[in-house]
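Per chain, numbering begins at 1; letters A, B, ... match sequence-line order.
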There are 4 protein chains.
Amino acid sequence: MSSPARSRGNDPGEAARAARAAWRSRQLLDAAATLMEREGFQGVSMQALAEEAEVSVGLIYRYFGGKDELLLAVIVDVLDTISTRVPEAVAAAGDDPVEEVAAAFRAYCEVVDERRHAAVLTYRESRALSSQGRVKIKAMEVASTEPLRAALHRGTAAGLLVDLDADLVAHDLVLMAHGWALKHWYLEQKLDLGEYVAKQTALLLGSLVEPRRKRQYAHLLHPH
Amino acid sequence: MSSPARSRGNDPGEAARAARAAWRSRQLLDAAATLMEREGFQGVSMQALAEEAEVSVGLIYRYFGGKDELLLAVIVDVLDTISTRVPEAVAAAGDDPVEEVAAAFRAYCEVVDERRHAAVLTYRESRALSSQGRVKIKAMEVASTEPLRAALHRGTAAGLLVDLDADLVAHDLVLMAHGWALKHWYLEQKLDLGEYVAKQTALLLGSLVEPRRKRQYAHLLHPH
Amino acid sequence: MSSPARSRGNDPGEAARAARAAWRSRQLLDAAATLMEREGFQGVSMQALAEEAEVSVGLIYRYFGGKDELLLAVIVDVLDTISTRVPEAVAAAGDDPVEEVAAAFRAYCEVVDERRHAAVLTYRESRALSSQGRVKIKAMEVASTEPLRAALHRGTAAGLLVDLDADLVAHDLVLMAHGWALKHWYLEQKLDLGEYVAKQTALLLGSLVEPRRKRQYAHLLHPH
Amino acid sequence: MSSPARSRGNDPGEAARAARAAWRSRQLLDAAATLMEREGFQGVSMQALAEEAEVSVGLIYRYFGGKDELLLAVIVDVLDTISTRVPEAVAAAGDDPVEEVAAAFRAYCEVVDERRHAAVLTYRESRALSSQGRVKIKAMEVASTEPLRAALHRGTAAGLLVDLDADLVAHDLVLMAHGWALKHWYLEQKLDLGEYVAKQTALLLGSLVEPRRKRQYAHLLHPH
DNA sequence: CATGAATGAGTCTTCATTCAT
DNA sequence: CATGAATGAAGACTCATTCAT
């Protein structure tokens, strides 16, 4: 992204430098995520971040323009993960649009679960983002729900799902995924991630699957 | 000293003092809410708050122990509003549990809409709360969903709703209400609050209402 | 200048507050001048300034918007002094334009001598000024030479001085005054302020006084 | 190691090395001068300097001990230029001491004009110099005025100039030359360099040339 | 010789909080 | 009760300098 590599020619040092830059970025992004999990983004000082990442403060500024850009990078990192994992899950779900929706939702929830704080950073720290960054994030967020919307549309087109507002349903699915992080303090004492995914899937698909197709998706609609 | 009577039960001076205190609290809480809507809680300095409320900085500390307590108070204020408005809506909904659920959800959404930022402060600023405050807030949040859970239970008991996980469904309803604030930048370009409430109600009740009772609730299940 | 007083009404506290604000400004300006004499402006940290002035760092920001504004204020303070002292000297010099020029130059040199570093701050630190501040300073500098230019013009009009480029001569006089500060390390080992003023006056007036009026100004043209 | 010969007197490798060193120094000095013209010395970071000079930061430290030494080198470079150009101008002026003074002043002004910022660096950044460096600079400055003082003395000895304080007059001439840089923002809107030189020459020589020799120097005393 | 990644002390600035009036 | 001047710790960020390659 904002790597200091210059890409002027392709001498041997070039690749090594790029590799180091990538490693540093990851190191910093991970340290940032770790600390934020504990303290929230605002609660993490650049000093503390440097300590956690075992680098000097100054080095952070070589890789990220400032605290705001770092925040942006962390959020983008999660959205990138989602943009990779959700389509993978959809692809692995076979050709059935309903299965695809369920798989996409499960994948979304799993990423959120893995990076609980980072996943909901947008809600918490959007104030700190530049308006430019905000626009970028919003675009990425919308883009990341595209696989969901597409599967929903296919489901309706195939007569498997009722006529629905795909935008709203996609929004609900994402919200429910985020809900796992947002209300984790409450939910974790009631159920685990698998149950949460299963029950929410059942709940939403319950009113979305064409009534006469419901038998076909019993495994989704009536999780044991 | 300057007060005419010296705390002898409920003399007039005492009442006047209490009234002023209440007025000041409201003044400060409103100023805080106003500013936070624009800048987020962290972005509001005590100095700016004092200016907005047209009091001195020092005075804030007479009414609230500090910035954290003020945050707590603002959140509590919203939760209090919900704890008042939701039961009112339930009571006004007649005796039908399904209508009650719908009414409770609508009321919840309306409060969220009125105080968009303050309503989701818990998500954004919970880090700043003392653990004590956090416990209090969580308890209040759970309590505020009680009317929803109770109505859901009544619905199931009356055979109007399927057997459901009331905790989870209540959580979903609250999440959807908050979703209106959290994703307002996205939703507002698609629908208005009334449509949002109607469609979400339909969506969830779609899988909750006992199939053979669905005709009875057509107005909720098939908005417009 | 940027005093925090609000001037809303004229209650008793108002005057006291304004007085304190003025006292604080002076205290800070003096501390700044003292330190700058030793370290140059860039070399003075806000921390050190606070220590010298025996106030807290934060307080400086109540009276001056930042380090740049403080620099501006120090420069303006010197220019204000000049704008007061030079006209006073001119007024005290009687009605003779040549005497007025000499008096103005002497006064200018005396102020420079009293505030050696601060007087030439413009040359040294103009980079740190905002362009707005720069414009202000330049205007004040030009204005402060007005008495000189006016006296020169009067001298020419009265047939006491030759036809001259008043702008350039005024610039030379100011430059010579500043020269006392700029090259003090060199000059102080050759002569004292009085001699410097006398000799420079003689030098410049030597080619400015109308030849046939020279006898009249022998005391200026042939010091000692 | 990589050099063919090992420092045995003045073999070809040695010369090449010295040439490269000289070339590097010049490259760096020029880059420094260029940047300083825009940003002032303090405003130029070693990183920016490296970029401008198209070398690495580390390399600067091979040629100059640090930022302070670089500053010293830049100043010395200007003073060297003056020490070359002024005597050249004097030599080219023929044998007349008055012409020599005028020529020296013109040359001084021309160098100042060519390197406007660097020429007055002593005034601006002397604080950053080591006391050792300061001493060196002062000595060089005084030395650079020697041709002026010598010409002035010759003028007096030859009965062409009045009895004068050569130190002070030399100081004035240098100050006027520097004045062109120091007050360039003001002067440039009034006159160009040629006019400035001519008028200042006339002004000072006006009181320095022996009255009865004035006709002889009319071209200097009454510039068109 | 040359590079440029890495360091970390030091800078300006903000702001929650206190307290004399 | 109310004020707002004063405090000072803590934060983000810069940049001269070093050193492994």
Inset, instruction - Give, for atom CG of A/Leu28 and atom OH of A/Tyr63, the distance between the pair rounded to the nearest 0.5 Å. - result: 8.0 Å
Legend entry - Heavy-atom check, side chain of D/Asp77 versus side chain of D/Arg115, under 4.5 Å: yes
Inset, instruction - Compare side-chain N and O positions of B/Arg24 against OP1 and OP2 of F/dA2 and report whether any pair is under 4.0 Å apart. - result: yes
Legend entry - Stacked cation flag B/Lys67 on B/Phe41, 6.0 angstrom / 45 deg: yes
Legend entry - Trace of the side chain to side chain contact (heavy atoms under 4.5 Å, CB included) decision for A/Val57 with A/Leu49: CA-CA 8 Å; A/Val57 214; A/Leu49 176 57; over 6 Å; no
Inset, instruction - Can you measure from OG (A/Ser25) to CZ (A/Arg62) and round to the nearest 0.5 angstrom? - result: 12.0 Å
Inset, instruction - Report the stems of DNA chain F as range-with-range entries sorted by first number; a stem here is at least three consecutive pairs, Watson-Crick or G-U wobble, both distances under 3.5 Å, and write none if there are none. - result: E:2-21 with F:2-21
Legend entry - Whole angstrom value for the distance that separates C1' of E/dA6 from CG of A/Leu28: 12 Å
Legend entry - Any B/Arg62 side-chain nitrogen or oxygen under 4.0 Å from OP1 or OP2 of F/dC1: no
Legend entry - Interatomic distance where CD belongs to C/Glu51 and P belongs to F/dT7 [whole Å]: 13 Å
Legend entry - Rounded distance [0.5 Å steps], NE2 in A/His117 versus CD in A/Glu125: 5.5 Å
Inset, instruction - Specify the separation, in whole Å, of atom CD1 of A/Ile60 and atom P of E/dG8. - result: 13 Å
Legend entry - Atom-to-atom span, CG of D/Leu49 to C1' of E/dG4 - whole angstrom: 15 Å
Inset, instruction - Send over the distance from C/Glu69 CD to E/dC12 P, rounded to a whole Å. - result: 15 Å
Inset, instruction - Pick base, sugar-phosphate or nothing for B/Phe64, based on heavy-atom distances below 4.0 Å to the nucleic acid. - result: nothing
Inset, instruction - Among B/Leu129, B/Val44, B/Thr122, find the residue that satisfies the side-chain contact (heavy atoms from CB on, under 4.5 Å) test when tested with B/Leu71. - result: B/Leu129
Legend entry - Of the listed nucleotides F/dT7, E/dA6, E/dA2, the one nearest the side chain of A/Tyr63: E/dA6
Legend entry - Nearest heavy-atom neighbours spanning B/Arg127 and B/Arg134: CA-NH1, 3.6 Å
Inset, instruction - Rounded off to whole Å, could you give me the CD-to-P distance for the A/Glu54 and E/dG8 pair? - result: 12 Å
Inset, instruction - Quick one: label B/Arg20 by what it contacts on the DNA or RNA (base, sugar-phosphate, nothing), any heavy atom closer than 4.0 Å. - result: sugar-phosphate
Legend entry - Contact letters for nucleotides 8-18 of chain F, in which S counts primed atoms plus P, OP1 and OP2 and B counts the base, heavy atoms under 4.0 Å: B--SSBBBBBB
Inset, instruction - For E/dC1 versus F/dT21, give the span between their C1' atoms, rounded off to a whole number of Å. - result: 13 Å
Inset, instruction - Could you tell me whether C/Glu51 atom CD has more than 12 heavy atoms of other residues or ligands within 6.0 Å of it? - result: no
